[in-house]
Amino acid sequence: MSHQKQQRQPLRNSGLSADRPEVKSAFRAAVKSCACPACGLEFTDAADDWGNAWREGYVDCIREGGSDIRDGPYKLKCEMCSRRSMYNVFASAVSLVPVVQ
């Protein structure tokens, strides 16, 4: 019994395109539109810059351990109250990181 594969539909271009600076700018705007769960103030550019530095160190640590990461956590530090939060990229939501004492 021989089965023939069905012919696939050709890929269609959605018409959506963005270059790296546009994506970075949109991500920064999305982060800044969220409010810190501790103090209620919106995150600033400084919070996003801190998050980029944190992510760079996190990715380096993962790679030094012999693994790799594509998507993952993004941590923010509120400039106003200094509390840390995790940003959920897919839900555009922020949750407070518990204080460890």
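In plain terms, the two heavy atoms of Val97 and Arg83 that are nearest each other are O-NH2, 3.3 Å. Contact between Ser85 and Val94 at its shortest, heavy atoms only, is CB-CG1, 3.2 Å. Of all non-hydrogen atoms in Ala47 and Leu76, the two that sit nearest each other are O-CD2, 3.6 Å. The minimum heavy-atom distance between Gly40 and Ala35, with the atom names listed, is O-CB, 3.6 Å.
Residue pairs meeting the ring pair (Phe, Tyr, Trp, His ring centres under 6.0 Å) criterion with at least one member in residues 76-100, sequence neighbours excluded, are Phe27-Tyr87.
Enclosure of atom CD in Glu56 is not indicated, since only 12 or fewer non-hydrogen atoms of other residues, nucleotides or ligands lie within 6.0 angstrom.
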Query - Glu79/Leu41 under side-chain contact (heavy atoms from CB on, under 4.5 Å): CA gap, chis, key distance, verdict - result: CA-CA 9 Å; Glu79 186 177 15; Leu41 298 174; over 6 Å; no
Query raised in the report: Do Asp49 and Arg28 pass the side-chain contact (heavy atoms from CB on, under 4.5 Å) test, and can you show the C-alpha distance, the side-chain angles, and the key distance before you say yes or no?
Result: CA-CA 9 Å; Asp49 293 340; Arg28 183 176 282 255; 2.5 Å; yes
Requested in this report: Using the side-chain contact (heavy atoms from CB on, under 4.5 Å) rule, take Asp68 and Arg63 through it: C-alpha gap first, then chi angles, then the decisive distance, then the call.
Outcome: CA-CA 5 Å; Asp68 202 2; Arg63 289 188 177 147; 3.0 Å; yes
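Atoms CG and CD1, on Asp60 and Ile69 in that order, are 11.5 Å from each other to the nearest 0.5 Å. The CE atom of Met86 sits 6.5 Å away from the NZ atom of Lys75 when rounded to the nearest 0.5 Å. Between atom CD of residue Glu42 and atom SG of residue Cys36 there is a gap of 11.5 Å, rounded to the nearest 0.5 Å.
A salt bridge does not link Asp48 to Arg55: none of the charged side-chain nitrogens sits closer than 4.0 Å to a carboxylate oxygen.
Tyr58 and Trp50 end up in the same hydrophobic cluster when Ile, Leu, Val, Met, Phe, Trp and Tyr side chains are linked at under 4.5 Å. Residues Leu96 and Val89 are members of separate hydrophobic clusters, defined by side-chain heavy-atom contacts under 4.5 angstrom among Ile, Leu, Val, Met, Phe, Trp and Tyr.
For Glu64 (side chain) and Cys61 (main-chain N/O), no donor-acceptor pair under 3.5 Å exists by modelled atom type. With Tyr74 contributing its side chain and Trp54 its backbone, the two residues share no donor-acceptor pair below 3.5 Å.
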